[in-house]
S.K.: 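Can you read through this structure? Questions will come right after.
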Amino acid sequence: MKRIVVCYKWVLDEAYIRLNADMTLDTNQVDHKISDYDRNAIEAGVQAAKALEGTTMGLTFGTAEAKQSLKAALSRGLDESCWVNAEEASQADGAATASALAGAISRIEDVSLVICAEGASDTFARQTAPRIGALLDLPVVTSVCAMELLGNTLLATRKLKDSTETLEVELPCVVAVLPEVNAAPIPGLKAVLAAGKKPVTELTPEDIEADLSPRAKVEQVRGYVMDRKNVVLKEGSAQEKVTELLAHLRKEGVL
Amino acid sequence: MDDEIFDALVIGGGLAGLAAAWTLADQGKSVLVIEKGDYCGAKNVTGGRLYVSPLLPHLGGLLDNAPFERSISREELCVMSAEGSLTLSYTDSSLAALPGQSYSVCRAKLDRYLARQAEKSGAILATKMRVDELIIEDGAVVGVRSGGEALLARTVICCDGVLSLFPQQAGLRGPLEPRHCAVGIKEVVELDAQLINQRFGVSDDQGAARLFLGDATQGRFGGGFLYTNKESIGLGLVLGIEAFSAEGLDLTAPELLERFMQRPEIAPLIAGGQSVEYSAHVIMEGSFDQLSRLYGNGVLVAGEAAGFSLNAGVTVRGMEYALMSGHLAARAVVETCKRDDFSAQSLSVYQKLLEDSFVLKDFRSHRSVAASLDHERFFGFYPGFVTGLMHDLYRVDGPKQPIYPTVRKHLKASVIKDALFKDLGKVRKL
């Protein structure tokens, strides 16, 4: 049976991250979640499985923390899930991450479609899908805002700056989807309960052929606060001030 | 797939719900906790102090390694008038001993820990889920509806807090009344642990709890509180909703808190700190007579949903009643599972367990406390009287009267003589 693999990342829930006075991040007590855009990738996988009459598998590369992600991913409608458990994940760059995921995918049989989100909601590096495609020698379609499966063909619409591009790809292929691709529903209670009973595979780096050593290393992560412009409009009549305000806003690209 | 029928379905993953879930799972029962927040503790406001001692014999396994903040070794009471204040600070060797009898707690940490323990024992936790209503068939609660889905259970334990709707739906209690409720408003100020130690005269693991009466609430029903956590101070006000809805009040609750934090008794304690949390919630000024009915067919109520918060004058307690009532609700479910009878009559064992525990014993013995506290003189007149007397006792700006004549002058000067006898009668009920 045709398999659809959806890659997702278990990220810190940024809503709870606090900024310390010295601009370092306070991630104490911050829970993890499935990267926001990956929810759409998972939903795209679930819909693709219906069209292909296939099955879906969630795949993540993460540290021991990511174990909690399996149930969360499965509750979104995936049939089974696979986790590459490696401490290296905490330091991984795009190449290492893609290597781990591609290593796992190459062990899985009958893969027709690999779906990633365009980027992760924490780093948004946009490397995973293209790199997996390169490693597995599969065609890659990025920035997908709509997709349809016709037999063994994927009809994908890419979102460009001011236009869209529609293209056809033969399966198997790798796609990177944008959040616009679908509306990911919030899983219901029964889906959450059912998730606990679905099959889960845990892999270690020894189980896969992958190069997990990062060549791009994260030195630091710091908060960023934009300086205020502190423009005060006090000269002239109300009419003139409003005109000037509008000019400033246009200049900043707000209007 | 056949839908699983849980032995118990717990609404709300707070202290009551998690104690119930842990106990049930520990006894091998299937239990699902449905929590609305992103995680357990996310929605909590309690500026917390937990009296651990009475719980340990029952919930030791759950609480032994729980992340508490500081053991409260210093008990303080501050009586405030507009001009001054008198603070009593009490400590003794047993309060200072570790492990302590009570701890300040941060609920965001504690509840998450308890949730993990419950999950480890086998409870299933579903967060970010809201229960829409109970499913009631032939007068018995048989499950809940959530997001359009029906989930069935042998029993439902309502632990959904003070603004609980489900005991009302099950016909166990009526709507809340303003005169039985207060609004709690709290700020958490982050401060270096060493500074906290110095300012409160405590060591790393020890802390202080201070209650404020009088001008903190502008002489109206309520009070102020302050607890030291490890690296923060939680402080705030509890304002009786009826008293503060009455005419003639010129400040809103947030303004009162602002004013409270600027008082000379408070400002130096939190100076240099950073405000990291601001929250408010309804509190029940609980008493025995406002308790919900605690059980019905297929349903139990625990924690603040049942009204288990107790204003005992110098202590306001709720969390240990939540944990204990949740635990006992679970034990009642375990009992009824043996009989396979989940009727109200069968579940009445819960009431009996509560009666035998400190929970209902405390509520019975404090039955008349809340009513006798509900008097303006306690919040307005007496604080003014005390600080006025202190002012004269310590003021030296010319010829000075000895102590006794000064005290006598104050006792005579005011309306106190008539009122004192009446109020002494009330005090006997405390």
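Below, read A as the first sequence line, B as the second, and so on, with proteins coming before strands; counting in each chain starts at 1. From a predicted model like this one, the values you see are computed outputs, not experimental measurements.
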S.K.: Please classify the contact between A:Asp13 and chain B as side chain, backbone, both or neither, with a heavy-atom cut-off of under 4.5 Å.
M.R.: side chain
S.K.: Just how far is it from atom CD of B:Glu277 to atom CD of B:Glu187, taken to the nearest 0.5 Å?
M.R.: 9.5 Å
S.K.: Below 4.5 Å from any heavy atom of chain A, which atoms of B:Gln274 appear? Answer side chain, backbone, both or neither.
M.R.: neither
S.K.: Identify which part of B:Phe6 has an atom lying under 4.5 Å from any heavy atom of chain A, answering side chain, backbone, both or neither.
M.R.: side chain
S.K.: How about B:Ile124 and A:Lys71: do any of their side-chain heavy atoms sit closer than 4.5 Å?
M.R.: yes
S.K.: Before accepting this row, confirm whether a basic side-chain N of the pair A:Lys33/A:Asp31 lies closer than 4.0 Å to the acidic partner's carboxylate O.
M.R.: no
S.K.: Check this for me, if you would: do B:Lys109 and B:Glu69 make a salt bridge, where the nitrogen-to-carboxylate-oxygen distance has to be below 4.0 angstrom?
M.R.: yes
